[in-house]
**Student:** 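Structure incoming, see below.
Each chain gets a letter, A, B and so on, in the order its sequence line appears, and its residues count up from 1.
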Amino acid sequence: MEYGIKLEIFEGPMDLLLHLIQKSDLDIYDIPISKITSEYLAYLNLMKEMNLEVAGDFLIMAATLMRIKSKMLLPQHEDEDEEEFEDPRAEITKRLLEYKKFKEASKVLKINLEKQKDVFFRKTQPEFTVEDFGIDVSLFDLMDAFRKVLEKAKKSSKEIIKEEFTIEDKIRIILSLLEGKKFVSFYSIFLKDESRYSVIITFLALLELIKISQIYVRQNEAFSEIRIYRKIS
Amino acid sequence: MELKKIIEALLFASQGPLKIETIIEITEKSAAEVNQAISELKNAYEEKQSPIQIIEIAGGWQFSTKRDFAPFIRKLFKEETTLKLSSSALETLAIVAYKQPITRAEIEQVRGVEVIAVLKTLVEKNLVRTCGKKDTVGTPFLYGTTQQFLIYFGLKSTDELPSLEEINVEGEQQ
Amino acid sequence: MELKKIIEALLFASQGPLKIETIIEITEKSAAEVNQAISELKNAYEEKQSPIQIIEIAGGWQFSTKRDFAPFIRKLFKEETTLKLSSSALETLAIVAYKQPITRAEIEQVRGVEVIAVLKTLVEKNLVRTCGKKDTVGTPFLYGTTQQFLIYFGLKSTDELPSLEEINVEGEQQ
């Protein structure tokens with residue numbers, strides 16, 4: 001049966017209705033509502049016979065069509081002005097025209113899509129090397145973060161009663177790390193600090209050394225490590 | 001360094017359409033200079049009958065291969081790279097494209113069916129996105145098309161969509 | 001259609017280095033013809049002083065922009081080329097780098113704070129990865145730095161980091 005093949009391609013009641021109108025070459029502005037309603041219902045029955053689930057949307061449209069049909073059967077009042085008379089089909093005609101517009105538009109889009117599929121763009125990102133990278137963290141940011149840790153540490157310093165290192169100790173350690181070397185990594189000076197307190201002491205030692213111009217801290221290039229250099233006087 | 005060459009390098013490296021504004025910002029040249037350079041570059045590629053062309057798409061400029069070479073390039077990609085859309089997805093997309101911003105209920109009003117699943121697919125395929133909420137009962141999401149949509153459909157902007165009036169309503173009837 | 005142009009289009013669209021064998025397969029030409037065409041194409045790009053060059057890399061051929069244009073391209077990819085790391089991430093990274101392989105609990109021991117979120121970020125940024133499990137109670141994951149970490153920090157290997165043993169020795173003197 002002809003319907004059998006077409007069954008699945010309808011995108012909804014609007015699509016089915018439009019198909020029924022176009023199939024019989026009917027005037028969308030003057031839909032023979034009785035004919036269309038029975039064809040529509042026949043189609044729904046067919047769907048049921050084929051054990052296809054008839055979506056609620058299709059049933060709502062069936063109800064709408066039947067309502068229009070019954071309204072059409074009501075006698076028209078003679079005294080009613082032509083202009084005031086509202087065709088019960090007006091609403092569905094408007095909706096069908098609107099739907100048809102977008103169905104056509106979707107065909108135009110499909111043509112666009114077909115044309116574009118032969119056009120290829122570059123997907124490859126350029127390969128970046130180390131020097132292409134920047135970092136959003138400056139040494140200042142890092143110091144600022146430490147300052148915050150320091151503030152926090154002050155509040156909880158009562159817990160830490162015994163600390164084996166003093167700032168002087170740490171200064172000595174940093175300087176000894178630098179001995180015979182041009183520089184050491186910023187991180188390396190904290191590596192044997194097992195507690196937060198110890199980290200803070202090391203940091204304070206670092207600040208002290210900067211203050212007394214024994215060392216300077218710099219980042220040679222974007223994203224390279226932060227290094228501590230001994231000042232040569 | 002020649003502006004034309006800088007733009008060529010930028011277009012080449014860019015992964016998507018490159019906006020004039022971006023080029024101006026990077027090169028620190030005037031809009032007139034940039035436009036002139038792009039125009040010259042475009043012509044140069046056309047004149048030497050390069051397989052690569054410079055096209056205006058989705059609000060920017062981009063290199064692409066010419067259609068003639070598609071059969072060869074397609075062989076290069078094992079996986080199907082073509083976007084496949086069902087007719088119900090295309091219908092929904094058309095409604096969103098023309099009536100954006102639009103709510104789901106408004107789309108359903110036109111199509112006469114539930115569109116929740118189709119909309120989800122379109123959002124997943126990055127063709128449609130939510131673009132705010134409508135100031136009405138229930139403040140439903142508003143949907144619009146993406147830049148990806150413009151690229152897939154070869155449009156400079158949504159203004160380039162053929163007007164609905166232009167589309168022959170009496171058009172081919174299947 | 002000219003072989004040179006087909007190859008040019010293929011190189012343009014390819015997502016990575018294009019092997020001679022692949023070009024031969026797609027174009028159905030001989031190796032000699034393909035090699036000749038690539039060589040001519042390469043020379044043509046050089047002669048016209050294009051900002052784009054054809055380079056042989058990783059066993060194939062590829063387009064790339066010339067080094068001179070890197071500053072402009074870098075601006076274009078500013079977001080991508082900026083590695084955003086918080087100071088707590090930097091601290092954690094340093095601990096992992098020096099003490100790898102290290103468990104989460106061990107890092108927390110040093111930093112005195114929970115590091116689960118920071119570790120997750122570092123793993124997402126491909127700076128840190130899991131590299132086995134520690135043979136102890138609960139067999140926790142061990143963390144180490146990635147190759148990406150070495151690239152970002154310009155290190156040939158983790159051996160290039162200032163030696164930890166040296167620092168420990170200094171500590172023992174106390």
**Student:** Counting only non-hydrogen atoms closer than 4.5 Å, does I151(B) touch chain A with its backbone (N, CA, C, O), its side chain (CB onward), both, or neither?
**Tutor:** both
**Student:** K115(A): which residues meet the side-chain hydrogen bond (donor to acceptor under 3.5 Å, both in side chains) condition with it, sequence neighbours left out?
**Tutor:** none
**Student:** So for F72(B), is it side chain, backbone, both, or neither that comes closer than 4.5 Å to the heavy atoms of chain A?
**Tutor:** neither
**Student:** For R89(A), check side-chain hydrogen bond (donor to acceptor under 3.5 Å, both in side chains) against everything at least two apart and list the hits.
**Tutor:** D30(A), D87(A)
**Student:** Can you check whether F153(B)'s main-chain N or O pairs, donor with acceptor, with N112(A)'s side chain at less than 3.5 Å?
**Tutor:** yes
**Student:** Chain A: which of P71(B), G112(B), S86(B) shares the most heavy-atom pairs with it under 4.5 Å?
**Tutor:** G112(B)
**Student:** Is chain A contacted by the side chain of Q62(B), its backbone, both, or neither, given a heavy-atom distance below 4.5 Å?
**Tutor:** side chain
**Student:** Under the side chain to side chain contact (heavy atoms under 4.5 Å, CB included) criterion, do K99(B) and F102(A) qualify, and how do the steps go?
**Tutor:** CA-CA 10 Å; K99(B) 302 191 100 177; F102(A) 289 107; 3.5 Å; yes
**Student:** List, one per line, each side-chain donor-acceptor pair under 3.5 Å for residues 136-144 of chain B, sequence neighbours excluded.
**Tutor:**
none

**Student:** I'd like to know whether D118(A) forms a side chain to side chain contact (heavy atoms under 4.5 Å, CB included) with R74(B), so could you lay out the CA-CA distance, the side-chain angles of the two residues, the decisive distance to 0.1 Å, and finally the verdict.
**Tutor:** CA-CA 9 Å; D118(A) 285 343; R74(B) 207 161 283 132; 2.5 Å; yes
**Student:** Under 4.5 Å, heavy atom to heavy atom: which of residues 63-70 of chain B reach chain A? Give them by number, or say none.
**Tutor:** F63(B), S64(B), T65(B), K66(B), R67(B), A70(B)
**Student:** Taking every non-hydrogen pair under 4.5 Å, which of I55(B), L85(B), I95(B), T92(B) racks up the most with chain A?
**Tutor:** I95(B)
